[in-house]
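Being a predicted model, the structure only gives us computed values, none of them experimental. Reminder, nothing fancy here: chain letters follow the sequence lines and each chain counts from 1.
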Protein chains: 2
Amino acid sequence: MQTARQQEIIETALGLINENGIQSLTIKNLSKKLGITEPAIYRHFENKIQILVSILDLMKQNSNDIFSSELKSEESAAQKIEQLFKKHFRSFSEMPSLASVVFSEEMFRNEKVLIEKISELIEQNNKILLTILNEGQNNNELRNDIDAAHLAVIIMGALRLFVKKWQISGFTFDLQDEGNKLIQSVKLIILK
Amino acid sequence: MQTARQQEIIETALGLINENGIQSLTIKNLSKKLGITEPAIYRHFENKIQILVSILDLMKQNSNDIFSSELKSEESAAQKIEQLFKKHFRSFSEMPSLASVVFSEEMFRNEKVLIEKISELIEQNNKILLTILNEGQNNNELRNDIDAAHLAVIIMGALRLFVKKWQISGFTFDLQDEGNKLIQSVKLIILK
DNA sequence: ATAAAGTTAGTTAATAAACACTAACTTTCA
DNA sequence: TGAAAGTTAGTGTTTATTAACTAACTTTAT
């Protein structure tokens, strides 16, 4: 569980990441943005890694909510994938810092705890996506001529690159509007 | 143009990145690996940024060689895309550090020169890919029901994510062998 | 042909800035 | 009044980078 102040801190941290990338997440910058001094941060978090762990936990939960609520729904596989995209696009639009964190795995390479968190997140999503794809193939709704694992790479690859392009552009296009168009193309590709 | 020593330095830098990620590319680590002292590096490069610029230039040239040689060939669009994948897979297999650099754009966010270099690289490749896709669509070889720009996102997204997975796995599977299988799936998807 | 001048590639020693983090003291407020 | 949340002032480490100097080689000019 988290205190109100802890939540404020990780929200501020996400804002910082959003504005200037993960590299700008320093205790100094964070405390300045919170309007307190650096040591005050340590009243709420043991160290910087715990702040990052909290951020990753938030992301994991967010992503898990999206993926697993879709898994339970009664829609077709194509609709599920569509919802998966849509919800991610909405999520990223509302909190672009989430995208910044997803794409900065490299930064975490030297911290064991953080690598594990990131890996869990990716692995978890991949599993659910594969389940959806397999179901769709068994129902004869999705094309069978392509391995589900390959479909997963193609789908997630498109999603990731699209979000990345949006990020690189400095958020200059509407992720949700443009994203909806991409979804239609992805659906054309995976449907039988 | 570069001196022999400058080339040695960037090769060593790539080795360092390959072993422990871009974060381990420090002047200290670099000089240690070269068997000289830190200040000696500055006899050959003005500063660290110039070393990174050289690395990005190398990558840009490498990637450009692959893309533009394919553009000129007389093959079908699908074959061109296949070769694009294959050559990239080979390139990454031979020098995995290239993959490390491609995926660490985030690290460069605070250096204007480096963002530009990375952007150039991505933009250049995207242009050539679009040309190939448009040609294929006009020849009635590739499916016309999907916007070429969307096809490009789907193709490059798959390529990038696949290489990333290989990197995260610690290079535990054969990129070229497994990659060839993925190529077949991508071809099924884009062909009419 | 050779001494003078200059270059190349290295050294040791140091600096300044950024970083995460700590100890000890003070304020705030329920 | 006492715990929670802040402060000031500092530590130790890691960065990239510079200053001053040197040994060994190359070029230039007489």
- Message: Do A:T37 and A:K32 pair up side chain to side chain, a donor and an acceptor below 3.5 Å, judged on atom types alone?
- Response: no

- Do any pairs count as a ring-ring contact (aromatic ring centres under 6.0 Å, His included) and have a residue in residues 38-73 of chain A, sequence neighbours left out, and if so which ones? A:F67-A:H88

- Atom-to-atom span, CG of A:N47 to P of C:dA20 - whole angstrom: 11 Å

- With no hydrogens and no angle check, do the side chains of B:N125 and B:S63 hold a donor and an acceptor under 3.5 Å apart? yes

- Query: A:L52 CG to C:dA20 C1': how many Å, rounded?
  - Reply: 12 Å

- Note on the structure: Taken in chain and number order and not counting sequence neighbours, the residues that satisfy ring pair (Phe, Tyr, Trp, His ring centres under 6.0 Å) with B:F89 are B:F85, B:F162

- Would you mind reading off the distance between B:K48 atom NZ and C:dA17 atom P, rounded to a whole angstrom? 19 Å

- Message: Students should find this one: the first and last nucleotides of DNA chain D, 5' to 3', lying under 4.0 Å from a heavy atom of chain B. What are they?
- Response: D:dT15 to D:dC21

- Note on the structure: Rounded to whole Å, the CG-P distance (A:L25 to C:dC19) equals 11 Å

Check nucleotides 10-14 of chain C against the protein and report each pair of N or O atoms closer than 3.5 Å, with its distance, or say if there are none.
unit_1 : atom_1 : unit_2 : atom_2 : d
C:dG10 : OP1    : B:R5   : NH2    : 3.1
C:dG10 : OP2    : B:H44  : NE2    : 2.8
C:dG10 : N7     : B:R43  : NE     : 3.0
C:dG10 : O6     : B:R43  : NE     : 3.4
C:dG10 : O6     : B:R43  : NH2    : 2.3
C:dT11 : OP2    : B:T37  : N      : 2.6
C:dT11 : OP2    : B:T37  : OG1    : 2.2

- Item | Close side-chain approach of A:E135 to A:K80, heavy-atom, < 4.5 Å | yes

- Task: Using atom CD1 of A:I41 as one end and atom C1' of C:dC19 as the other, report the distance to the nearest whole Å.
- Result: 14 Å

- Task: Quickly work out the A:E111 CD to C:dA20 C1' distance and round it to whole Å.
- Result: 12 Å

- Query: Among pairs that include at least one residue of residues 45-54 of chain A, which meet side-chain hydrogen bond (donor to acceptor under 3.5 Å, both in side chains), considering only residues two or more places apart or in two chains?
  - Reply: A:Q2-A:S54

Distance-only donor-acceptor pairs under 3.5 Å for side chains of residues 113-123 of chain B, two or more places apart:
unit_1 : atom_1 : unit_2 : atom_2 : d
B:K117 : NZ     : B:D57  : OD1    : 2.6
B:S119 : OG     : B:I115 : O      : 2.8
B:E120 : OE1    : B:K60  : NZ     : 2.6

- Message: Could you go through B:E70 and B:I128, starting from their C-alpha distance and side-chain angles, then the distance that decides it, and tell me whether this counts as side-chain contact (heavy atoms from CB on, under 4.5 Å)?
- Response: CA-CA 9 Å; B:E70 242 7 90; B:I128 295 176; over 6 Å; no

- Task: Write down the distance between CZ (B:F45) and P (C:dA9), rounded to a whole number of angstrom.
- Result: 12 Å

